[in-house]
2 protein chains.
Amino acid sequence: MKTLKIPEATIIRLSVYSRLLDYLHKNGVMIVSSGEIARGVDGSPAQVRKDLAYFGEFGTRGVGYNVKDLNEQVKKILGLMHKWKVIIVGAGNLGSALIHFKGFKERGFNIQAIFDNDQNKVGQKIGDVPVYDILELEEHVKTKEIEIAIVAIPARHAQEVVDILVNSGIKAILNFAPCVISVPRHIELRSVDLTVNMEILTFNLVVNKR
Amino acid sequence: MKTLKIPEATIIRLSVYSRLLDYLHKNGVMIVSSGEIARGVDGSPAQVRKDLAYFGEFGTRGVGYNVKDLNEQVKKILGLMHKWKVIIVGAGNLGSALIHFKGFKERGFNIQAIFDNDQNKVGQKIGDVPVYDILELEEHVKTKEIEIAIVAIPARHAQEVVDILVNSGIKAILNFAPCVISVPRHIELRSVDLTVNMEILTFNLVVNKR
């Protein structure tokens, strides 16, 4: 496969296309054109065709794409033919918001547990997800073979928790703590930095006034 | 200024450097080398020098950068010499998490109000921020000259709320709703898509196994 050099922007769009395809499939649509996909995601038909062409020939010229087949191919590319075992560290407002976020479950991310050091939260449930003591984190990740951890705790404890996750054999981390996190090369790490996102907006606002 | 063609990756790093410089300045550090900045953000000294060179000559070879001056320059570039008037739409878990997120205030984002359609929340406060009825959104943005809105509501209502914000004269929107949002060209829009972030991780996990 030619997947190794795909730009991240393409992966981002594939993820968005795939949710549209999910929606179309649920609503009984069987064939879709690149133009219809483009309209559904506010993009261009040429971009859609280019993105899908990275992965071979899916469509039939003049007819379009089979919604179900295309979605299966795109999900396979995105690693979504498999259900992922996920935990969240941090049962604060952000952790709770993430538990209630339906998008994760719909896409095959099964959030199985949430960890916190607040003894008032340990033993409770958030939605239908149990809260465990942070001291059980390492053992839980090891024995339950958790693959992905979402880190939603303050910056000052983030590296410490990430080190525990790395030692436990986690494969990937989505980090929301607003700080620089180091992991060994074999771990996939992605940080969602809210301040950075705001500052890209203000940079653009100021640049456009210059 | 040469700022118009700066890659977004550079802006992201500048935002991270600036938070490190804030920290150094608060702790009385006056001079910093590109190597020290690089260590603080888990980057390379050459990258730091290259990023800062977009904006002219800041440092003195063999001495380093004046922390206070450099931070002022970087903040100016990022549009942070100005305090921004911000509101949040959506007083759910995510909106509440964002209210309590200290990083925004520290960087000059003043969250002045939060809007929701839940009458049990309207009239209350989250932290020290008042919750208003969503019906007051348009008038509030206009009269208080709000510049940036953070949209933290379910996907099905997101475009409707964004249209109201656009009509009210908002300048920029940070969107957390997991859907495609359209705005006129003169509005800055940035979407933080949690599912996409997870799927970049799984894509990378699967690619690395191939």
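Throughout, a chain's letter reflects where its sequence line sits, starting with A, and its residues are numbered from 1.
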(request) Side chain from CB out, backbone as N, CA, C, O: work out which of these in L174(B) comes under 4.5 Å of a heavy atom of chain A, or both, or neither. (result) both
(message) Looking at chain A, which one of L94(B), V16(B), D42(B), N197(B) has the largest number of heavy-atom pairs inside 4.5 Å, strictly under?
(response) N197(B)
(request) Select one option (side chain, backbone, both, neither) describing which atoms of I173(B) are under 4.5 Å from chain A's heavy atoms. (result) backbone
(request) Heavy atoms only, distances under 4.5 angstrom: which of A97(B), G92(B), P154(B) has the most pairs with chain A? Name it, please. (result) A97(B)
(message) So does L78(A) get a backbone contact from the side chain of T202(B), meaning a donor-acceptor N/O pair under 3.5 Å?
(response) yes
(request) Pick one of side chain, backbone, both or neither for L14(A), based on which atoms fall under 4.5 Å of a heavy atom in chain B. (result) neither
(message) Can you tell me which portion of I181(B) sits under 4.5 Å from chain A's heavy atoms? Options are side chain, backbone, both or neither.
(response) backbone
(request) Identify which of V180(B), I187(B), I150(B) forms the greatest number of heavy-atom pairs closer than 4.5 Å to chain A. (result) V180(B)
(message) So for I148(A), is it side chain, backbone, both, or neither that comes closer than 4.5 Å to the heavy atoms of chain B?
(response) side chain
(request) Indicate whether any N or O donor in one side chain lies under 3.5 Å from an N or O acceptor in the other, for E147(A) and H82(A). (result) yes
(request) Name the region of V196(B), side chain, backbone, both or neither, that has any atom closer than 4.5 Å to a heavy atom of chain A. (result) both
(message) Quick check on L194(A) against chain B: is it the side chain, the backbone, both or neither that has a heavy atom closer than 4.5 Å?
(response) both
(request) Output yes when K142(A) and E138(A) qualify as a salt bridge under the 4.0 Å nitrogen-oxygen rule, no when they do not. (result) yes
(message) Taking D193(B) first and then R19(A), would you say they form a salt bridge - that is, a charged N and a carboxylate O separated by under 4.0 Å?
(response) yes
(message) Between E8(A) and R190(A), does any NZ, NE, NH1 or NH2 come within less than 4.0 Å of an OD or OE carboxylate oxygen?
(response) yes
(message) By the definition side chain to side chain contact (heavy atoms under 4.5 Å, CB included), identify the one residue from N71(A), I37(A), L21(A), V74(A) that meets it with Y65(A).
(response) I37(A)
(message) Keeping H100(A) on the side-chain end and S96(A) on the backbone end, is there a donor-acceptor pair under 3.5 Å?
(response) yes
